[in-house]
Amino acid sequence: MTEIEIQKVTAHIGARVLGVDVSKPLDDITVSALRAALNEHKALVFDDVDLDDEGQQAFARHFGDLTTAHPTVPAVDGAPNVLPVDSEDTRANHWHTDVTFVLNPPQASTLRSIVVPPYGGETLIANTGAAYRDLPDPLRAFADTLRAVHTNDYDYAVPPESLSEADRERRKIFLSTRYETAHPVVRVHPLTGERGLFIGDFAQRIVGLAKGESREILKILQHYVTRPENILRVTWEPGQLVLFDNRITQHYAVDNYDDAPRRLHRVTVAGDIPAGIDGSPSYSVKGDASHYSPVAAIQAAA
Ligand SMILES: O=C(O)CCC(=O)C(=O)O
Ligand SMILES: [Fe+2]
């Protein structure tokens with residue numbers, strides 16, 4: 001049996017995993033080791049994987065039940081748990097945590113490279129726990145008291161008049177059900193107790209504040225998430241798999257590959273309902289996403 005080797009990539013986030021054949025069923029010891037590595041490093045990179053959609057789903061299932069592909073966006077044909085991430089359709093060049101507009105966003109996401117552009121197209125993954133620790137004391141104490149409303153009807157960075165007909169259609173599908181959920185701005189990770197900023201682009205308003213003021217505050221907090229020191233830059237190669245903890249990271253797909261094709265497949269693991277530092281849970285304001293994801297039970301820390 002090969003020993004698992006975990007090689008740190010940066011001080012604050014990311015590790016490469018060697019010695020695990022992710023195309024085979026994993027034993028409990030290996031899964032525990034991977035879970036522990038994920039808790040510590042937040043994002044794990046596996047090189048030279050031999051996976052198809054079925055294999056990616058089987059790998060993700062080791063960490064919990066799967067969500068369907070997305071609450072509103074269609075899955076890959078014949079693979080209801082796989083979301084296509086194709087540059088032809090969409091470019092996720094905005095900072096976000098996956099699907100935070102629903103009550104229980106995925107606990108973890110996997111991305112697998114299918115078509116990699118000849119240059120660019122990196123995925124940036126930020127450690128929001130490190131961001132929280134970087135906050136100056138008064139700002140951290142303030143953040144601890146806040147909740148934010150997350151919605152899929154968020155403020156796209158692109159002006160609506162610049163959208164193509166196809167973009168408009170995609171946006172219509174994305175918004176075919178509107179979701180709004182109030183989450184704590186500081187989320188406590190259920191396995192590690194680590195606190196992290198839980199915001200990103202779907203967070204549109206601070207509960208109790210107007211939109212304009214909310215935006216200013218979110219901008220200040222987000223500044224700590226996107227500090228270069230808190231970011232892993234994944235330069236994709238063919239046949240790679242990245243697993244990240246969606247409870248304590250944000251990510252961003254860099255749109256720097258011109259018109260080259262780029263395709264990843266995403267499979268996400270169902271999450272728990274977030275809780276803030278006083279233990280109070282998130283609550284849904286609009287939209288029922290129970291068709292999208294079961295609610296994960298919190299597992300005892302490894
Ligand atoms: O394209 C990527 O690298 C990330 C895609 C993404 O963020 C998403 O599908 O949610
Ligand atoms: Fe994403």
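We're numbering straight along the sequence, starting at 1. Read the numbers this way: they start at 1 and go in the same order the structure lists the ligands and their atoms. Remember, predicted model here, so these are calculated numbers, not experimental data.
- Aromatic ring pairs are classed by plane angle as parallel below 30°, tilted from 30° to 60° and perpendicular above 60°; the pair Phe244 and His251 is tilted.
- Note on residues 57-69: pairs passing side chain to side chain donor-acceptor pair (under 3.5 Å), not counting sequence neighbours, are Thr67-Thr268.
- Here the side chains of Glu237 and Asp48 are not in contact, with every heavy-atom distance at 4.5 Å or above.
- In Thr90, neither the side chain nor the backbone holds a heavy atom less than 4.0 Å from any atom of ligand 1.
- Each of the following atoms of ligand 1 lies closer than 4.0 Å to a heavy atom of Thr123: 2 (C), 3 (O).
- No side-chain donor from either of Asp153 and Tyr179 sits under 3.5 Å from a side-chain acceptor of the other.
- For atom 1 (O) of ligand 1, the closest non-hydrogen atom of the protein is Arg262 NH1, 2.8 Å.
- Taking the N/O/S atoms of His251 in turn, the shortest distance to the Fe ion (ligand 2) belongs to NE2.
- Remark: distances from the non-hydrogen atoms of Arg91 to ligand 1 are all 4.0 Å or more.
- Taking the six-membered ring for Trp, His150 and Phe101 have ring centres at least 6.0 Å apart.
- An N or O contact shorter than 3.5 Å links His96 to ligand 1 by distance.
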Intermediate values then yes/no, side chain to side chain contact (heavy atoms under 4.5 Å, CB included), Tyr132 and Glu194: CA-CA 10 Å; Tyr132 176 78; Glu194 188 176 353; over 6 Å; no

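- The option from Ala92, Ser109, Pro106 that lies nearest to atom 6 (C) of ligand 1, judged by heavy atoms, is Ala92.
- The ligand atoms of ligand 1 that sit less than 4.0 angstrom from a heavy atom of Arg266 are 8 (C), 9 (O), 10 (O).
- In Asp98, the N, O or S atom that comes nearest to the Fe ion (ligand 2) is OD1.
- The side-chain heavy atoms of Leu243 and Phe63, taken from C-beta on, include a pair separated by under 4.5 Å.
- Short contacts between ligand 1 and Leu264, defined as distances under 4.0 Å to a heavy atom of the residue, involve ligand atoms 1 (O), 2 (C), 3 (O).
- Aromatic rings of His183 and Tyr283 (six-membered ring for Trp) have centroids beyond the 6.0 Å cut-off, not under it.
- Residue contact check: Val85 has heavy atoms under 4.0 Å from atoms 1 (O), 5 (C), 9 (O) of ligand 1.
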